[in-house]
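What follows is a set of notes on a single structure, which appears directly below.
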Amino acid sequence: MKKHTIAAYAFWIFLAEGAGGAAGWLTREGVRIYTETIVKPPFSPPPIVFPVAWTLLYALMGVSAARIALAPGVQDRARALCCNEFGGANYKCSKTGNAIVRSNDALRFALYGGLIVDPCGDRFMNEQYLSDRPLALGGEMSLRVARYYAVVDQAMYEECRDKGVLSYFGKPKDWYVGNTGYTTELLPNLDEHMQQAIDEKWAFKGTLAECAEFFGLENLEQAVADYNALCAAKKDDQFYKSSYLLRELTGDTFYVMEYEPSIWCTFGGVKTDAYSRAVTPQQEPIPGLYVAGVDNGSLYASPYYENEGAALGTAYTSGIVAADCMIDYIQGI
């Protein structure tokens, strides 16, 4: 065995044992009370067995980690990002809650399907990708511009606040996301939250020219004029958004909210074959090394699964497949 291989095994075993030892030390008093007071069955093993068993288990965890770190298959990964699917985000927003995007109603306009522009004030995407498919398509597009801006007129502001975005767009039957996610959503705290956003300088209220000047969106006025022309024609031949999400922005009062891309989590991991076995860059299975769940880079990758429950089902089934194959592998040794 090469020196760097020995060092890797030693490092990972030491790390695993250290974590186990720290956990044992931190819980030592609770474990003592538990072992002294619990009624044990006659076949309960003597106390000396437990530290030996746990030491062995943590050592095996270290061995597994070392094998993953050293295996060629870990260099061949499929990675992806799971983007925010519940609203916009901005680091200037100080209020937090169970979910930050739910703590300020002004963050919701990021996913409402209205006009979105880039830092130059230009329209850069089909906004329906943010409303309907934010985890992959829409979120990925927002990553490319670093900051993006929702443009809302007074009519959209008031109707989304009082009646909901589904009503604002005329309750289109073909809008699946609207009819499943926005049927009851109102923005009762929008006035208060919008003022908070304005005070924190990630939102602005005024004429279109004033909004453009505040955020430096030099092409905003022209972008709105071009967008209104598409809405009037009921045909988006620029980015091909569905006609039912095309509504003109009019009036003298506008709201512009600045958002930043945000990420829930990552996808991806070790590449595997159909039996959940980790494979080398040459696509050869690594004996005895199996990968399941979100660490399986051949299952969890972009785009995100569109069918509800599919991702959870993949986690379950890959674990079952890996377990069955591990049993066969062990029995064949």
Side-chain angles (χ1 to χ4, degrees), residues 83 87-88 90 105-134 137-161 163-172 174-178 182 187 190 194 197-198 202-261:
C83 296
N90 192 298
D105 285 350
L107 295 171
R108 299 295 292 151
F109 288 100
L111 301 185
Y112 273 2
L115 177 62
I116 298 290
V117 299
D118 66 12
C120 293
D122 294 314
R123 188 179 181 220
F124 67 98
M125 67 177 297
N126 178 341
E127 297 89 354
Q128 192 166 0
Y129 287 145
L130 268 175
S131 68
D132 293 12
R133 306 177 74 179
L137 290 176
E140 189 273 340
M141 292 175 182
S142 71
L143 285 171
R144 295 176 180 269
V145 295
R147 295 186 309 280
Y148 59 102
Y149 302 81
V151 183
V152 175
D153 65 5
Q154 190 66 36
M156 184 176 185
Y157 178 94
E158 292 178 0
E159 288 192 48
C160 289
R161 179 192 63 194
K163 300 179 181 179
V165 66
L166 183 62
S167 177
Y168 169 75
F169 283 117
K171 298 183 179 180
D174 293 335
W175 191 20
Y176 173 78
V177 169
Y182 295 138
L187 303 176
L190 182 57
M194 182 61 72
I198 292 172
W202 58 271
F204 189 85
K205 175 185 178 181
T207 65
L208 204 55
E210 289 170 340
C211 293
E213 181 180 4
F214 182 81
F215 286 115
L217 309 175
E218 55 183 339
N219 300 328
L220 179 61
E221 291 181 270
Q222 185 60 51
V224 171
D226 293 342
Y227 181 74
N228 283 343
L230 299 175
C231 294
K234 284 296 179 182
K235 183 179 181 182
D236 180 9
D237 55 10
Q238 183 182 21
F239 292 107
Y240 306 100
K241 181 165 65 174
S242 297
S243 61
Y244 53 75
L245 293 183
L246 292 173
R247 179 167 169 177
E248 294 183 55
L249 299 169
T250 60
D252 299 324
T253 302
F254 291 84
Y255 302 81
V256 174
M257 285 71 69
E258 179 186 66
Y259 303 123
E260 299 158 332

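Crowding of Y255 atom OH: a count of heavy atoms from other residues, nucleotides or ligands under 6.0 Å exceeding 12. Atom CD of E213 is surrounded by 12 or fewer heavy atoms from other residues, nucleotides or ligands within 6.0 Å. Residue D252 qualifies as open at atom CG: its count of foreign heavy atoms under 6.0 Å is 12 or below.
Across Y259, Y149, F215, a single residue satisfies side-chain contact (heavy atoms from CB on, under 4.5 Å) together with W202, and that is Y259. Here the rule is salt bridge (Lys or Arg N to Asp or Glu O under 4.0 Å) with R123, and of D118, D226, D236 only D236 fits it.
Residue L230 comes nearest to D237 through the heavy atom pair CD2-OD1, 3.3 Å, listed as atom of the first residue, atom of the second, then distance. Shortest non-hydrogen contact noted between L111 and P134 is CD2-CB, 4.1 Å. When every heavy atom of Y148 is checked against every heavy atom of G88, the shortest pair comes out as OH-CA, 4.2 Å. Considering every non-hydrogen atom in both A197 and A106, the closest pair reads CB-CB, 4.5 Å. The shortest non-hydrogen separation linking N126 to Y240 is ND2-O, 3.2 Å. The heavy-atom pair separating K234 from S243 by the smallest distance is O-CB, 3.5 Å.
Taking the six-membered ring for Trp, Y112 and Y182 have ring centres closer than 6.0 Å.
In this structure, the separation between CG on L107 and CE on M194 is 9.5 Å, given to the nearest 0.5 Å. In this structure, D153 CG and E158 CD are separated by 9.5 Å, a value rounded to the nearest 0.5 Å. A distance of 11.5 Å separates CZ of R108 from CG of L190, quoted to the nearest 0.5 Å. Here CD1 of I198 is found 9.5 Å from CE of M257. Values are rounded to the nearest 0.5 Å. How far CG of L246 is from CG of N228: 10.5 Å, rounded to the nearest 0.5 Å.
In this structure, E218 has no side chain to side chain donor-acceptor pair (under 3.5 Å) partners at least two apart in sequence or on a different chain. Every residue meeting the salt bridge (Lys or Arg N to Asp or Glu O under 4.0 Å) condition with E258, not counting sequence neighbours, appears here in chain and number order: K92, R147. Partners of L245 by side chain to side chain contact (heavy atoms under 4.5 Å, CB included), not counting sequence neighbours, listed by chain and number: Q128, S131, F169, W175, K241.
In terms of modelled atom types and a separation under 3.5 Å, the side chain of R247 and the main chain of Y168 share a donor-acceptor contact. Side chain of N219 to main chain of G121: no donor-acceptor pair is present (N/O by atom type, distance under 3.5 Å, no hydrogens or angles). With E248 contributing its side chain and C231 its backbone, the two residues share no donor-acceptor pair below 3.5 Å.
Annotation: side chain of F124 is not in contact with side chain of R144 (no heavy-atom distance under 4.5 Å). A heavy-atom distance below 4.5 Å is not found between the side chains of Y176 and D132.
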Please lay out, stage by stage, how F109 and M156 fare under the test side chain to side chain contact (heavy atoms under 4.5 Å, CB included). CA-CA 10 Å; F109 288 100; M156 184 176 185; 4.2 Å; yes
